[in-house]
J.: 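First the structure, which I've put down as structure tokens, then a few questions once you've had a look.
Only heavy atoms go into these numbers, but all of them, side chains included; no hydrogens, no water, no symmetry mates. Small disclaimer: the values here were computed from a predicted structure and weren't measured. A, B, ... follow the sequence lines: proteins, then strands. Residue 1 opens every chain.
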Amino acid sequence: MKPTATDKTDKPAHFIRKIIADDVAAGLAEVRTRFPPEPNGYLHIGHAKSICLNFSMAEEFGGKCNLRFDDTNPEKEEDEFIEAIKRDVEWLGFKWDGEVRFASDYFDQLYEWAVYLIKQGKAYVCHLSAEETREYRGTLTEPGKDSPYRNRSVDENLALFEQMRRGELPEGTCVLRAKIDMAAPNINLRDPTMYRIRHATHHQTGDKWKIYPTYDYAHGQSDAIEGITHSICTLEFEDHRPLYEWFLNNLPVPSKPRQYEFARLNLTYTVLSKRKLKQLVDEKYVTGWDDPRMPTLSGLRRRGYTPASIRAFCEMIGVTRSPGMVDIGLLEFAIRDDLDKHAPRAMCVLSPLKVTITNYDENVVEYFTAPLHPQKPEMGTRELPFCREIYIDRKDFREVPEKDFKRLVLGQEVRLRNAYVIRANEVVRDEKGEIVELKCTYDPETRGKNPPDGRKVKGVIHWVSARHCLDVEVRLYDRLFTVEAPEEDKTKSFLEFINPNSLVVLEHCKAEPSLANATPEIRYQFEREGYFCADSKDSKPGQLVFNRTVSLRDSYGK
RNA sequence: UGGGGCGUCGCCAAGUGGUAAGGCAGCGGGUUUUGAUCCCGCCAUUCGGAGGUUCGAAUCCUUCCGCCCCAGCCA
């Protein structure tokens, strides 16, 4: 088989890779990157892009990648998210260097450095209210003006900051600000907040702190402490880079990391912002963060996506600074490509129609040995029982066929996959006229070979033995939204574009008996239908529930 | 309208002065007991527009246009 997405080894030359390669060529001893999520939600496919980038750059250049939780805001963060994030990173197949780190590990050092800046006359305690601060900051087109507290003495600032630290001041009373330039064209430089008062219990540090550093004050210094060489983040932090560098240049930090930005991932027919995903969960549009329709890693995992397919996808989309919208079809290609090569085949009839083979002995059961993979005999085989009564899919039968229909037609023949050729002779209806059964005959000369008289049978359909099959539930998923860009229309909420048919539950589907051993880890191809796996939450032995990961590519009817 | 970015095929994306890679999608054909897979072929005389420099430009210069991000004591 030719090499495809999941096992190709050639690396595209994106700009981050080039920057690092140049640094290494120039003598950089060890590359160190980091993946720094805030533990305030679950990871999604957009985070996978960042994870793959950070970990693979470290790996490729013989360096290390840290996992650091950016936990500077105790109000939004939870332990549950920390555990979920660790699980997702590991699931993707990456190993972070050493222990998990937390920005909160550095709160003592960060505090000392804040005192240092105060002593240098480069930070001050400001008593402007949040609203006043906004007014003093100016606008995009007008410069800001200095806070009346900007020129407090070092001693006064020191005393006030100490009071803040001790928790003697209520939330919102004041903040610590860096003294930079209120007229800077870059708003991030207009005396940004470094510390705010929060009388909250922190998931890592408990009640030790009453003041918490902001992202801007904590991030670069945390990178410096960890010896990060390349601090890779998304484009919206581009404007923060001068501030990131300002802190590093004005503090006695142990190293000088450099920040580089790339475009975050946008995917068609979904949303990729934590806020909106949280809303889908909180307002019960989905069953949870791991709902198989969610673009979260836990949702994709439950849906049946493999880590390899997600890594291949991230490799295919590239890394650039131009913000784009990737077609979700590419993600679907990635999982089909992986699963086609690795998934064992099975037969499952989604919409059963009973077929009686009238010339087949009622007391006989035959077993056919079928390969688990048509191109990979080494994967082994499974046994398919065959008897007088079987099920086929209603979609595979027509009394009067449309043009190009090559399945079972009344009066004509079709091949039963891995079994005999049958001919449909009679349709049985119920009192309402609904077709409830087909009476067919089989050709005993067609087991494992074509009809000896040379007649051609064009179609092949799947089937299961009615006496031996399993009754299972199958869940079909479709795109969560009906439009490519649900966030594009600023006059409407993305919720208005939710696809009402994103989940279709099929009960009493008929699966071949070998599927009795299905577990969520085994992804199957249900031949002629798609890729499926047992649901990790709702499937139980004897009561199987399958999720459709993705359908097979289908050129019929296009 | 201040600052920072980005514009190469329907989508993603190489290319950084020498005459437009690749993937996805699409289209045609072949193989096939999955209308799957696989295989073969087609798919940008043109790089947001207009000028200019040059023997030569997607790549350099000028100018215009479009899109994205920033005014949290969020990250």
J.: Say we look at B:A25 and B:C43: how far apart would their C1' atoms be, to the nearest angstrom?
T.: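 Nearest-Å result for B:A25 against B:C43 at atom C1': 11 Å.
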
J.: May I ask you to check whether A:F386 and A:Y367 place their ring centers less than 6.0 Å from one another?
T.: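 Centroid distance A:F386-A:Y367: not below 6.0 Å, so no.
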
J.: Checking all strands, does A:T139 fall into the base, sugar-phosphate, or nothing category for heavy-atom contacts under 4.0 angstrom?
T.: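 Since a base atom lies under 4.0 Å of A:T139, the category is base.
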
J.: Assign A:R190 to base, sugar-phosphate, or nothing according to its heavy-atom contacts below 4.0 angstrom with the strands shown.
T.: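 Result for A:R190 = nothing.
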
J.: With both distances under 3.5 Å as the test, what is the Watson-Crick or G-U wobble partner of B:C38?
T.: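 Base-paired to B:G30.
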
J.: Rounded to the nearest angstrom, tell me the gap between atom CZ in A:F532 and atom C1' in B:U34.
T.: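 It is 13 Å, rounded to the nearest whole Å.
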
J.: Report the distance from atom CD of A:E529 to atom C1' of B:U34, rounded to the nearest whole Å.
T.: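 Taking atom C1' of B:U34 as the reference, CD of A:E529 is at 10 Å.
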
J.: Ring of A:Y556 versus six-membered ring of B:G35: centres under 5.5 Å and planes under 30°?
T.: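 Taking the rule of under 5.5 Å and under 30°, the ring of A:Y556 does stack on B:G35.
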
J.: Across the strands shown, which category fits A:I317 at heavy-atom distances under 4.0 angstrom: base, sugar-phosphate, nothing?
T.: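 Counting heavy atoms under 4.0 Å across all strands, the contact made by A:I317 is with sugar-phosphate only.
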
J.: Ignoring hydrogens and geometry beyond distance, is a side-chain donor-acceptor pair present between A:Y420 and A:E366 at under 3.5 Å?
T.: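 Their side chains do contain a donor-acceptor pair, which is all the 3.5 Å distance test asks for.
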
J.: Give A:F237 one of three labels, base, sugar-phosphate or nothing, depending on what nucleic acid heavy atoms sit under 4.0 Å from its own.
T.: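 Base contact.
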
J.: Is any NZ, NE, NH1 or NH2 atom of the basic residue among A:K210 and A:E168 found under 4.0 Å from an Asp or Glu carboxylate oxygen of the other?
T.: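 Between A:E168 and A:K210 there is no salt bridge, as every charged N stays at least 4.0 Å from the carboxylate O atoms.
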
J.: What does A:M325 touch in the nucleic acid at a heavy-atom separation under 4.0 angstrom: a base, only the sugar-phosphate, or nothing?
T.: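 Sugar-phosphate contact only.
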
J.: Taking the P atom of each, how far is B:G7 from B:C11, in whole Å?
T.: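 To the nearest whole Å, 14 Å.
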
J.: Would you say the ring centers of A:F526 and A:F546 fall short of 6.0 Å from each other?
T.: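 Distance test on ring centres: under 6.0 Å, yes.
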
J.: Give none if B:C6 has no partner; otherwise give the nucleotide forming a Watson-Crick or G-U wobble pair with it, both distances under 3.5 Å.
T.: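 Pairing partner: B:G66.
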
J.: Scan A:F15 against the nucleic acid and name what it touches under 4.0 Å (heavy atoms): base, sugar-phosphate only, or nothing.
T.: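 Touches nothing.
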
J.: Distance check: side-chain N/O of A:R137 vs OP1/OP2 of B:G2, anything under 4.0 Å?
T.: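 It does not, given that no N or O in the side chain of A:R137 lies less than 4.0 Å from OP1 or OP2 of B:G2.
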
J.: Where each residue is assigned the nucleotide of RNA chain B containing its nearest heavy atom, which of A:L235 and A:R345 is assigned the position nearer the 5′ end?
T.: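 Comparing both residues, the 5'-ward one is A:L235.
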
J.: Below 4.0 angstrom from OP1 or OP2 of B:G15, is there any side-chain N or O of A:K18?
T.: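 Yes, such a contact exists.
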
J.: Is the distance from OP1 or OP2 of B:U33 to the nearest side-chain N or O of A:T446 less than 4.0 Å?
T.: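 No, because none of the side-chain N or O atoms of A:T446 sits under 4.0 Å from OP1 or OP2 of B:U33.
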
J.: Under 6.0 Å from the CZ atom of A:R258, do we count more than 12 heavy atoms belonging to anything else shown?
T.: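 12 or below, so no.
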
J.: Does A:R528 reach a base, just sugar-phosphate, or nothing at all? Heavy atoms under 4.0 Å.
T.: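 Base contact.
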
J.: How would you label the glycosidic angle of B:G7: syn (within 90° of 0) or anti?
T.: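 Anti, which is what one calls it when the glycosidic angle falls more than 90° from 0.
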
J.: Which part of the nucleic acid, if any, lies within reach of A:L128 when heavy atoms closer than 4.0 Å are counted: base, sugar-phosphate only, or nothing?
T.: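 It contacts base atoms.
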
J.: Does NZ or CZ of A:R177 fall inside the cone over A:Y124's six-membered ring, less than 6.0 Å from its centre and within 45° of the axis?
T.: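 Ring-cation test returns no.
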
J.: When you compare B:U63 with B:A21, how far apart are their C1' atoms, in angstrom units rounded to a whole number?
T.: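 Straight-line distance between the two C1' atoms is 32 Å.
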
J.: With rounding to whole Å, what would you report as the distance between B:G22 and B:A13 at their C1' atoms?
T.: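 These two C1' atoms come out 8 Å apart once rounded.
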
J.: Classify the nucleic acid contact of A:D239 as base, sugar-phosphate or nothing, counting any heavy atom under 4.0 Å across all strands shown.
T.: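 Result for A:D239 = base.
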
J.: Can you tell me the base-pairing partner of B:A14? Count Watson-Crick or G-U wobble geometry only, both distances below 3.5 Å, and say none if there is no partner.
T.: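 By the stated definition (distances under 3.5 Å), nothing pairs with B:A14.
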
J.: By nearest heavy atom, map A:A13 and A:D70 onto RNA chain B; which one lands nearer the 5' end?
T.: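 It is A:A13, whose closest nucleotide lies nearer the 5' terminus.
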
J.: Would you mind classifying the nucleic acid contact of A:P36 as base, sugar-phosphate or nothing, using non-hydrogen atoms under 4.0 angstrom?
T.: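 Nothing, no nucleic acid heavy atom in range.
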
J.: Is the phosphate of B:C73, meaning OP1 or OP2, less than 4.0 Å from a side-chain N or O of A:S129?
T.: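 Answer no for this pair, as no side-chain N or O of A:S129 is under 4.0 Å from OP1 or OP2.
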
J.: Of A:R415, A:K449, A:R455, A:R423, which meets salt bridge (charged side-chain N to carboxylate O under 4.0 Å, His left out) against A:D443?
T.: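 Exactly one pass, corresponding to A:R455.
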
J.: Would you say a side-chain N or O of A:R553 is under 4.0 Å from OP1 or OP2 of B:G26?
T.: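 Checking A:R553 against B:G26: at least one side-chain N or O falls below 4.0 Å of OP1 or OP2.
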
J.: Side-chain N or O of A:R196 less than 4.0 angstrom from OP1 or OP2 on B:C74?
T.: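 The answer is yes; a side-chain N or O of A:R196 sits under 4.0 Å from OP1 or OP2.
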
J.: Would one find a side-chain N or O of A:T141 under 4.0 angstrom from OP1 or OP2 of B:U1?
T.: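 No, because none of the side-chain N or O atoms of A:T141 sits under 4.0 Å from OP1 or OP2 of B:U1.
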
J.: Would you measure the distance from the P atom in B:C65 across to the matching atom in B:C74 and give it in whole Å?
T.: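 One P to the other, the span is 38 Å.
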
J.: Are A:F247 and A:Y217 an aromatic pair, judged by ring center distance below 6.0 Å?
T.: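 Ring centres of A:F247 and A:Y217 closer than 6.0 Å.
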
J.: Does a nitrogen or oxygen in the side chain of A:R241 sit under 4.0 Å from OP1 or OP2 of B:G4?
T.: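 No, outside the criterion.
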
J.: When we call it a touch if two heavy atoms are under 4.0 Å apart, what does A:D404 touch: a base, just sugar-phosphate, or nothing?
T.: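 It contacts base atoms.
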
J.: Rounding to the closest angstrom, what is the interatomic distance between B:A50 and B:G66 at atom P?
T.: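 The answer is 16 Å between these two P atoms.
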
J.: Using atom CZ of A:R398 as one end and atom P of B:G35 as the other, report the distance to the nearest whole Å.
T.: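 The distance from CZ of A:R398 to P of B:G35 comes to 14 Å, rounded to the nearest Å.
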
J.: At 4.0 Å (heavy atoms only), tell me whether A:N418 reaches a base, stays on the sugar-phosphate, or touches nothing.
T.: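 If one applies the 4.0 Å heavy-atom cut-off, A:N418 turns out to touch a base.
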
J.: Between B:C64 and B:G23, how far is it from one C1' atom to the other, in whole Å?
T.: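 Taking atom C1' in both B:C64 and B:G23, they lie 34 Å apart.
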
J.: Please tell me if A:S322 has a side-chain N or O lying less than 4.0 Å from either OP1 or OP2 of B:C68.
T.: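 No, outside the criterion.
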
J.: Return the value, rounded to whole Å, for the distance between atom CD of A:E142 and atom P of B:C70.
T.: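 Atom-to-atom, A:E142 to B:C70, this comes out as 19 Å.
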
J.: How would you label the contact of A:G172 with the nucleic acid (heavy atoms, under 4.0 Å): base, sugar-phosphate, or nothing?
T.: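 The residue A:G172 makes base contact.
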
J.: Taking atom C1' of B:G72 as reference, at what distance in whole Å does atom CG of A:N40 sit?
T.: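 So the two atoms are 14 Å apart, to the nearest Å.
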
J.: Tell which nucleotide pairs with B:C47, taking only Watson-Crick or G-U wobble pairs whose two distances are both under 3.5 angstrom.
T.: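 Result: none.
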
J.: Rounded to the nearest Å, what distance is computed from the CG atom of residue A:L265 to the P atom of nucleotide B:C24?
T.: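 Roughly 18 Å, once rounded to whole Å.
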
J.: Mind checking A:R321 for me? I need base, sugar-phosphate or nothing, with any heavy atom below 4.0 Å counting as a touch.
T.: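 If one applies the 4.0 Å heavy-atom cut-off, A:R321 turns out to touch the sugar-phosphate alone, with no base involved.
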
J.: Between A:R165 and A:E162, does at least one N-O distance fall below 4.0 Å, as a salt bridge requires?
T.: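 A salt bridge links A:R165 with A:E162.
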
